[in-house]
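A quick write-up on the structure given underneath.
For the numbers below, each heavy atom of this structure counts, side chains included, while hydrogens, waters and symmetry mates do not. Because the structure is predicted, anything quoted here is derived from the model rather than measured.
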Amino acid sequence: MSLDIAMVTFDCSDPEALAAWWADAVGGEVNAAAPGEFVMVTRPNGPTLSFQKVPDPTPGKNRVHLDFHTADKEAEVARLVAAGAT
């Protein structure tokens with residue numbers, strides 16, 4: 001069992017503009033899942049890039065996070081907890 005990175009999400013003030021720039025840079029397609037609020041860039045290879053609107057960046061808050069996927073969530077959680085995850 002393993003985890004795959006499904007999506008990399010970025011907090012930003014203008015998700016549509018940032019998604020358009022990255023789509024051009026990585027050869028991806030823009031999908032405005034929630035226009036003005038949440039926009040994804042799907043790519044032929046690699047994880048989806050997503051851009052979510054936040055009003056103001058919070059100092060010290062991570063502005064990027066990874067979304068993982070696995071076929072068997074319960075088994076993967078058990079495996080990670082056994083390895084020391086809390």
For the hydrophobic clusters of this structure (ILVMFWY residues joined by side-chain heavy atoms under 4.5 Å, transitively), does one cluster hold both L66 and V77? no
Name all residues meeting the side-chain contact (heavy atoms from CB on, under 4.5 Å) criterion together with H69; count only those two or more places apart in sequence or in a different chain, and write none if there are none. A6
ring-ring contact (aromatic ring centres under 6.0 Å, His included) filter on F10, not counting sequence neighbours, yields F51
Those residues at least two apart in sequence (or on a different chain) that pass side chain to side chain donor-acceptor pair (under 3.5 Å) with E29 are none
At their closest point, which heavy atom of G27 faces which heavy atom of P44, and how far apart are they? O-CD, 3.6 Å
Give every residue pair that meets the salt bridge (charged side-chain N to carboxylate O under 4.0 Å, His left out) criterion with at least one member in residues 37-53, sequence neighbours excluded. none
Taking only Lys NZ, Arg NE, NH1 and NH2, and the carboxylate oxygens of Asp or Glu, determine whether E76 and R79 approach each other closer than 4.0 Å. yes
Which atom of V39 lies closest to which atom of A19, heavy atoms considered: CG1-CB, 3.4 Å
Look at the side-chain heavy atoms of Ile, Leu, Val, Met, Phe, Trp and Tyr, link any pair under 4.5 Å apart, and say whether L3 and L49 land in one connected group. yes
Would you mind listing every salt bridge (charged side-chain N to carboxylate O under 4.0 Å, His left out) that reaches into residues 9-28, with sequence neighbours excluded? D11-K61
Can you name the residues that form a side-chain contact (heavy atoms from CB on, under 4.5 Å) with T48, not counting sequence neighbours? M7, M40, T42
Are side-chain heavy atoms of F68 and D4 found at a separation under 4.5 Å? no
Can you name the closest pair of heavy atoms from V8 and P47 and give their distance? CG2-CG, 4.1 Å
Distance-minimising heavy-atom pair for G36 and P15: O-CG, 3.7 Å
Counting C-beta onward and ignoring hydrogens, is there a side-chain heavy-atom pair between F38 and S50 closer than 4.5 Å? yes
Distance-minimising heavy-atom pair for T70 and S2: OG1-O, 3.1 Å
Nearest non-hydrogen partners of A20 and V30, listed with the distance: CA-CG2, 4.1 Å
